[in-house]
Amino acid sequence: MMMSRYKMIKDNDFFRMDGVPITKEEIRAVSIGKLQLKPNDVVVDIGCGSGGMTVEIAKRCKFVYAIDGSDNAINTTKKNLERFNIKNCEIINEDAENILLNLDFNKAFIGGTKNIEKILNILSEKNIGHIVSNTIVIDNAVKIINILDNKKYDTELLNISVSVGKKIGAGHMMIAKNPITIITARL
Ligand SMILES: C[S@@+](CC[C@H](N)C(=O)[O-])C[C@H]1O[C@@H](n2cnc3c(N)ncnc32)[C@H](O)[C@@H]1O
């Protein structure tokens, strides 16, 4: 499928599997902006899910490690990497906290929050200076911002609520999507 590094891929163009979530287009756009990707960046995508963020990150940097502990997520990500002809990515079927210490990277995107304390401890031990985290669970957002603030990161806390217009008889109505919290942390 044709792809541009300047354009976000439409949600419906991704291969989708039941029960494997994907980051929606507008949230991907803001998250990519917050990662401030450069051609030499090596990024870890923690909890890659369907690979929605993996594909968008890989289009804009040197290399991505896409990690997920779920077989279905890994298979979905594989299919999306093939669909969009992404070669600069290694997929790792593992809980991130078991593998992060062995990988070399300079930025982290967090889309999955199981064992988040352990993951943030490892990122901080490795001196990773740029972390972007998305969560739909408000309790996790509070946990993440508190941990990162205590580790002396400069943090930004955003909550994004997007409504998308839909044509109806009388004109257009706005359909609300779930709000997502995006946390950016810099050293
Ligand atoms: C919301 S989905 C991510 C969606 C993804 N960003 C996308 O655009 O397709 C969260 C994923 O994180 C994974 N996950 C959660 N905690 C994890 C961990 N500690 N290690 C590896 N995977 C994890 C889950 O299995 C799930 O597939």
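Count residues from 1 along the sequence.
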Asks: Among all residues two or more places apart in sequence or in another chain, which pass the side chain to side chain contact (heavy atoms under 4.5 Å, CB included) test with Thr155?
Replies: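 By the side chain to side chain contact (heavy atoms under 4.5 Å, CB included) rule, Thr155 matches Ile145, Leu148, Asp149, Tyr153, Ala185.
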Asks: So Lys59 and Ile86, do their side chains get closer than 4.5 Å, heavy atoms only?
Replies: yes
Asks: Which residue pairs pass the side chain to side chain donor-acceptor pair (under 3.5 Å) test when at least one of the two sits in residues 97-107, sequence neighbours left out?
Replies: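 Only Asp41-Asn106, Asp41-Lys107, Glu94-Asn98, Glu97-Asn115 qualify under side chain to side chain donor-acceptor pair (under 3.5 Å).
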Asks: Do Leu103 and Val42 have side-chain heavy atoms sitting under 4.5 Å apart?
Replies: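 No, their side chains stay 4.5 Å or more apart.
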Asks: Not counting sequence neighbours, which residues clear side chain to side chain contact (heavy atoms under 4.5 Å, CB included) with Lys10? List them please.
Replies: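 Scan of Lys10 (side chain to side chain contact (heavy atoms under 4.5 Å, CB included), adjacent residues dropped) gives Asp13, Glu25.
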Asks: Compute the centroid of each ring, for Phe63 and then for Phe105, and state whether the two points are separated by less than 6.0 Å.
Replies: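 So the answer is no for these two rings.
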Asks: Salt bridge (charged side-chain N to carboxylate O under 4.0 Å, His left out): which pairs involve residues 154-165, sequence neighbours left out?
Replies: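 Output for this query lists Lys34-Glu156.
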Asks: Supply the members, apart from Val142, of the Ile/Leu/Val/Met/Phe/Trp/Tyr cluster built from side-chain contacts under 4.5 Å; use none for a lone residue.
Replies: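 Joined to Val142, directly or through intermediates: none.
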Asks: Between Leu123 and Ile110, is there a side-chain heavy-atom distance shorter than 4.5 Å?
Replies: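 Yes; the side chains approach each other to less than 4.5 Å.
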Asks: So which pairs with a foot in residues 165-179 pass side chain to side chain donor-acceptor pair (under 3.5 Å), sequence neighbours left out?
Replies: Glu26-Lys177
Asks: Transitive ILVMFWY cluster of Leu37 at side-chain heavy atoms under 4.5 Å: who else is in it?
Replies: Met8, Ile27, Val30, Ile32, Leu35, Val43, Met53, Ile57, Val64, Phe109, Val132, Ile136, Val137, Leu158, Ile160, Val162, Val164, Ile180, Ile182
Asks: Which residue pairs pass the salt bridge (charged side-chain N to carboxylate O under 4.0 Å, His left out) test with at least one member in residues 122-134, sequence neighbours excluded?
Replies: none
Asks: Quick one: list whatever passes side chain to side chain contact (heavy atoms under 4.5 Å, CB included) with Ile168, sequence neighbours left out.
Replies: Met173
Asks: Using the side chain to side chain donor-acceptor pair (under 3.5 Å) rule, collect all pairs that involve residues 65-81, keeping only residues at least two apart or in two chains.
Replies: Asp71-Asn93
Asks: Taking only residues two or more places apart in sequence, or in another chain, which ones meet Pro179 in a side chain to side chain contact (heavy atoms under 4.5 Å, CB included)?
Replies: Asn159, Ser161
Asks: Quick one: pull up CD1 in Ile147 and CG in Asn140 and give me the separation to the nearest 0.5 Å.
Replies: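 One gets 9.5 Å once the value is rounded to the nearest 0.5 Å.
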Asks: A side-chain contact here means heavy atoms from C-beta on lying under 4.5 Å apart; do Asp11 and Arg28 qualify?
Replies: yes
Asks: To which residues is Met17 joined in a hydrophobic cluster, defined by side-chain heavy-atom contacts under 4.5 Å among Ile, Leu, Val, Met, Phe, Trp and Tyr, whether direct or through other members?
Replies: Phe15, Val20
